[in-house]
Protein chains: 2
Amino acid sequence: MREAATAESRPYHHGDLRRALVDAARRILENEGPSALSLRAVAREAGVSPAAPYHHFKDKGELLDAVAHLGWDALGEAMTAAKARAADVSALMTEIGVAYVLFAQQHPALYRVMYDCSRDQESLPEGMEDKEDSAYCLVRESFRKMVGPEISDEDVELATIAAWCAAHGLAEMSGFRQFDPAKAALGGEEAFLRSVLSHLGMFPAAARAKIDGQG
Amino acid sequence: MREAATAESRPYHHGDLRRALVDAARRILENEGPSALSLRAVAREAGVSPAAPYHHFKDKGELLDAVAHLGWDALGEAMTAAKARAADVSALMTEIGVAYVLFAQQHPALYRVMYDCSRDQESLPEGMEDKEDSAYCLVRESFRKMVGPEISDEDVELATIAAWCAAHGLAEMSGFRQFDPAKAALGGEEAFLRSVLSHLGMFPAAARAKIDGQG
DNA sequence: AAGATCATCTTGACGGCGTTTAGATAGGGT
DNA sequence: ACCCTATCTAAACGCCGTCAAGATGATCTT
């Protein structure tokens with residue numbers, strides 16, 4: 001059963017089964033959705049027995065973590081690309097936000113897994129953490145560049161959190177039929193996203209205006 | 001097995017099993033979390049056979065829908081109460097938003113089920129739809145009252161959507177450990193929520209300021 | 001080259017799940 | 001008293017995640 005396996009087709013027993021399993025999981029996720037993503041289905045898709053994955057992952061959750069990790073990497077790249085695309089500093093945040101939501105819309109099953117894993121661990125994964133070169137820092141520094149140096153570090157931090165929450169909320173809710181009229185009125189998905197993101201400011205801005213005006 | 005069942009303990013075969021099942025589901029949800037919420041466990045908790053629920057619900061999803069419905073009712077009440085509590089018009093939205101997120105934090109398993117059901121049906125449930133007396137209208141009209149009549153209907157609609165997305169995003173993400181430093185710096189969960197909600201305005205407001213300043 | 005070693009994979013099993021079918025049971029209508 | 005229908009139970013099906021035991025084959029030692 002082992003013919004000519006020097007370094008390509010199957011370097012070891014099976015080959016790089018770990019990677020094969022993660023790829024199989026992503027394939028199932030894209031083709032059949034999250035509800036079809038069972039460990040047994042992944043093993044089937046990879047052509048191994050149901051118990052084989054346990055030699056590479058502690059349990060199903062660890063396999064999903066690996067899938068989610070690839071997803072966060074891809075999302076980070078999409079956001080970085082959006083930053084590079086931004087025409088000027090004032091468009092930075094909108095560009096990144098739209099890229100975030102579009103990624104979630106284009107890979108809904110993957111995005112679901114990404115967030116379910118994060119929620120279970122109560123934290124964003126490695127690539128998104130608050131350290132050099134992370135997407136979190138990308139957002140924060142883009143934001144700081146936009147608002148200027150007169151804003152305090154604490155305000156920048158809170159605004160970064162707020163922007164991330166808003167993007168996630170919009171990513172999860174933008175599929176609701178309730179928003180179809182608004183989308184139609186604006187003439188497209190991306191126009192709708194831009195409008196909603198830009199209207200995120202109206203509520204507190206108006207409140208502050210009233211407060212400032214009063215006291 | 002049927003002793004003295006006139007109209008109270010068990011009016012029919014079992015009694016009002018439908019309600020009993022929904023109650024059992026909520027009990028399991030609060031005590032053991034969403035992962036323990038199997039149809040069989042619900043039947044067990046209600047003291048009936050695993051097949052009994054199928055005479056009251058088409059499948060597990062329909063039972064979850066019923067549970068979710070109660071959840072949305074409770075959330076709507078919490079939001080209405082928050083509106084009544086608001087000191088003045090400018091505090092309306094913040095008060096409602098904080099109430100929304102606090103509800104999600106206090107009933108995390110229930111909130112998860114509520115949203116999973118909504119996502120499956122791609123829409124918010126009855127009580128939240130865009131019609132008289134719904135929570136959606138509550139938010140929109142509160143918002144209109146706050147910003148004044150000079151804002152167009154379309155802008156109010158988009159801002160309502162944006163506020164709802166932001167609240168949902170914050171509700172789902174506020175448990176992340178990444179935000180612990182910010183919470184500590186602000187001295188409490190609710191203060192953190194208020195700050196994040198109020199900072200939702202910084203990003204687009206700053207962008208618009210730059211755009212207005214340039215063009 | 002031969003044997004030991006160890007990671008890798010398969011087989012088979014366990015209990016739990018959602019769901020269906022067939023049969024028991026008990027209220028209500030005639 | 002009778003049937004009828006709604007309600008519930010018993011038993012089974014296939015799927016799931018997981019584990020223990022054994023087979024397989026690559027690598028290492030000598």
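Throughout, protein chains are lettered first and strands after them, A, B, ... in sequence-line order, and every chain is numbered starting at 1. Remember, it's a predicted structure, so these values are computed and weren't measured experimentally.
Here the side chain of Lys183(B) pairs a donor or acceptor atom with the backbone of Ser174(B) at under 3.5 angstrom. No donor-acceptor distance shorter than 3.5 angstrom exists from the side chain of Arg26(B) to the backbone of Gly71(B), with no hydrogens or angles considered.
Atom NZ of Lys145(A) sits about 12.0 Å away from atom CE of Met93(A), to the nearest 0.5 Å.
At a threshold of 4.0 angstrom between heavy atoms, the contacts of Arg18(B) with the nucleic acid are absent.
The CZ-P distance, from Phe57(B) to dA6(D), rounds to 17 Å in whole Å. Taking atom CG on Leu21(A) and atom P on dG17(D), their separation rounds to 13 Å, with Å as the unit. Between the OH atom of Tyr54(A) and the P atom of dT8(C) there is a distance of 17 Å, given to the nearest Å. Per the geometry, CZ belonging to Arg40(B) stands 7 Å off P belonging to dC17(C), to the nearest Å. Rounded to whole Å, the distance from CG on Asp16(A) to C1' on dC9(C) is 15 Å. Going from atom CG of Leu64(B) over to atom C1' of dC17(C) covers 14 Å, rounded to whole Å. For Glu62(B) and dT19(C), the CD to P distance is 11 Å, given to the nearest whole Å. In this structure, the NZ atom of Lys60(A) is 18 Å from the P atom of dG16(C), given to the nearest Å.
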Next on the checklist: Run the ring-ring contact (aromatic ring centres under 6.0 Å, His included) test on His168(B) and Tyr100(B) for me, step by step, so that the C-alpha distance in whole Å, both residues' side-chain angles and the decisive distance to 0.1 Å come before the verdict.
Outcome noted: CA-CA 8 Å; His168(B) 171 59; Tyr100(B) 183 102; 7.5 Å; no

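Between Glu95(B) and Arg194(B) there is a salt bridge, since a side-chain N of the basic residue sits under 4.0 Å from a carboxylate O of the acidic one.
Note on His56(B): a side-chain N or O is less than 4.0 Å away from OP1 or OP2 of dC8(D). Residue His55(B) places no side-chain N or O under 4.0 Å from the OP1 or OP2 atom of dT9(D). At least one side-chain nitrogen or oxygen of Arg44(A) sits closer than 4.0 Å to the OP1 or OP2 atom of dC16(D).
The listed nucleotides are dT20(C), dC9(C), dG17(D); the one nearest the side chain of Leu39(A) is dG17(D).
Nucleotides of DNA chain D nearest to Ser38(A) and Ala51(A) differ in position, and the one nearer the 5' end is that of Ser38(A).
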